[in-house]
Protein chains: 2
Amino acid sequence: MCAMARPRKPLLNRDRIVETAGALVDAEGLAALSTRRLAAELGVSGPSLYNHFRTKDEILDAVADAVSAKIDLSMFAPDDPRDWRTALHDWALSYRAALADHPHVVPVLAQGPGRRPAGLKVADAVFGAMVRAGWPPAQATHIGALMRYFVTGSALGSFARGFVDDETAYDPADYPHLGQAHRLAEHREKVDEGAFATGLRALLDGLGARYEQEAHVSGGAET
Amino acid sequence: MCAMARPRKPLLNRDRIVETAGALVDAEGLAALSTRRLAAELGVSGPSLYNHFRTKDEILDAVADAVSAKIDLSMFAPDDPRDWRTALHDWALSYRAALADHPHVVPVLAQGPGRRPAGLKVADAVFGAMVRAGWPPAQATHIGALMRYFVTGSALGSFARGFVDDETAYDPADYPHLGQAHRLAEHREKVDEGAFATGLRALLDGLGARYEQEAHVSGGAET
DNA sequence: ACCTGAACACCGTTCAAGT
DNA sequence: ACCTGAACACCGTTCAAGT
């Protein structure tokens, strides 16, 4: 056959690597992503990847950022009609949906944006919108942070999936109130979505009360 | 020297393994925990660990459960005077403090209790207390879940640490509102604790409003 | 510039062998 | 029962060599 060294057309590029890595992580989890396995999937040898990324972690960062890029930020645009409360609500749903589609990537995203462009765009958009709505910068920072806590926490640890689907696992003598815990696995989605909806509503109600109470009169822009 | 095969007194036991593994993870992170490294730290050879744990993951589970065991649950005791709102608040602080002491273990804990006894005790206590306070079981389940989302989310991704301490990292053309983001690393703790306090307060205020609104009269089951 | 195979220093786990 | 060294099938990454 032809001697393999450098093809005239590159076999690899960053996009193809990120796409394949993402598919692998989605299908089999973070542990399945090894440079050798990924390279095999791409039809090249392991070290080839290092012509396009400096480390495996950089590949994983790019995969994570591709997930962040799917989060809807339109509600934070200056000319969007939604008030800050509705904007946060709609954003949280889109945020959670993006992570729920790629649960294995959540541990990476939960660590914060770092230098990932799409992750930074998200942080920038929510901060800017909250300040425009009248929140003091310190509070706007807190809101961005606490929303991330809640959304990534909910996406990372599906509550119901956190219990084992095995009746004998939860001895009533040890855990008097967990009699039905193994049943959680059955209606997993309902529990997770219910808990998320309840928490989001409580969070926004609580923030709303604080907003009104603390009289955010504007010296400049107003709602 | 003496031929090494089986000492009359076992060199290893589960507690010693878990303790050393926890110290290693705390000091150098999850990636530093390898069976060979851990064994070396314990003065034995790698395979010895398999006499006490079936897999490395089981060791990690035990390390995580030791962290859960440090969470204060006294506020959920039936004879404790604290109302449900105060109990949730105090519990959240203790919960977060336990995780903050062992940040590298949080990704494991965030996955849910599984079969870990201390993790299950936590879930059992909060669920029991919420039902006793008058919440319908479905809502009590949601409360346990959403509190875990928020606390693990906050412990997993320190918001401020999620940004890079490098002024050039955040180009104002790309992120118009992140001008001071690199400064977050400076007052890291203040930001993280402020965001946590703001979120916890909003969450409890929101739940409180819902509790009153939905008339949880005691004396029997309620919708 | 971009790919290769060989090599280095690691992994988790199994297993027969020792006491 | 509990530890050992050897072995298996893996890792991430470096590097000289090829085109």
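Every chain is numbered from 1, with letters handed out A, B, ... down the list of sequences. We use all heavy atoms of the structure for the numbers below, so side chains are in, but hydrogens, waters and symmetry mates are not.
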Any heavy-atom pair between the side chains of Y175(B) and P117(A) that's under 4.5 Å? yes

Any L12(A) side-chain heavy atom under 4.5 Å of P10(A) side chain: no

For nucleotides 5-10 of chain D, read 5' to 3', which letter fits each nucleotide if B means a protein heavy atom sits under 4.0 Å from the base, S means only the sugar-phosphate is that close, and - means neither? BBB---

Name the nucleic acid region contacted by L33(A), choosing base, sugar-phosphate or nothing; use a 4.0 angstrom heavy-atom cut-off, strictly under. sugar-phosphate

Measure the distance from CZ on F53(A) to P on dG12(D) and round it to the nearest whole Å. 15 Å

In this structure, how many angstroms lie between the C1' atom of dC2(D) and the CG atom of L12(B), rounded? 9 Å

Of the nucleotides dG12(C), dT4(D), dC2(D), which has the atom closest to the Y50(B) side chain? dG12(C)

Does T35(B) make a side-chain N or O approach to OP1 or OP2 of dT13(C) shorter than 4.0 Å? no

Ranking dT4(C), dT13(D), dC2(C) by distance to the side chain of T55(A), first place goes to dT13(D)

NE2 of H89(B) to CH2 of W84(B), rounded to nearest 0.5 Å, is 13.0 Å

Given the C1' atoms of dC2(D) and dA16(C), what is the spacing between them in whole Å? 14 Å

Can you find a heavy atom in the side chain of Y149(B) that is under 4.5 Å from one in the side chain of Y149(A)? no

D65(B) and L109(B), any side-chain heavy atoms less than 4.5 Å apart: no

Atom CG of L11(A) to atom P of dA1(C): distance rounded to whole Å? 17 Å

Consider only side-chain N and O atoms of D57(A) and T55(A), and report whether a donor and an acceptor are under 3.5 Å apart. no

What is the distance from CZ of R37(A) to P of dC11(C), rounded to the nearest Å? 23 Å

Nearest-Å distance for atom pair CG/P, residues L30(A) and dC11(D): 15 Å

If one requires at least 3 consecutive Watson-Crick or G-U pairs with distances under 3.5 Å, the stems of DNA chain D turn out to be C:4-8 with D:12-16, C:12-16 with D:4-8

Check whether any side-chain nitrogen or oxygen of H52(A) sits under 4.0 Å from OP1 or OP2 of dC3(C), and answer yes or no. yes

Tell me the interatomic distance from E58(A), atom CD, to dG12(D), atom P, rounded to whole angstroms. 15 Å

Rounding to an integer number of Å, can you tell me how far R14(B) CZ sits from dC2(D) P? 12 Å

Quick one: which residue pairs count as a ring pair (Phe, Tyr, Trp, His ring centres under 6.0 Å) with a foot in residues 38-78 of chain A, not counting sequence neighbours? F76(A)-W91(A)

Using 30° and 60° as the class limits, which term best fits the ring planes of F150(B) and F196(B): parallel, tilted or perpendicular? parallel

Would you find more than 12 non-hydrogen atoms of other residues, nucleotides or ligands less than 6.0 Å from E41(A) atom CD? yes

note: L49(B), atom CG; dT14(C), atom C1'; distance rounded to Å ~ 14 Å

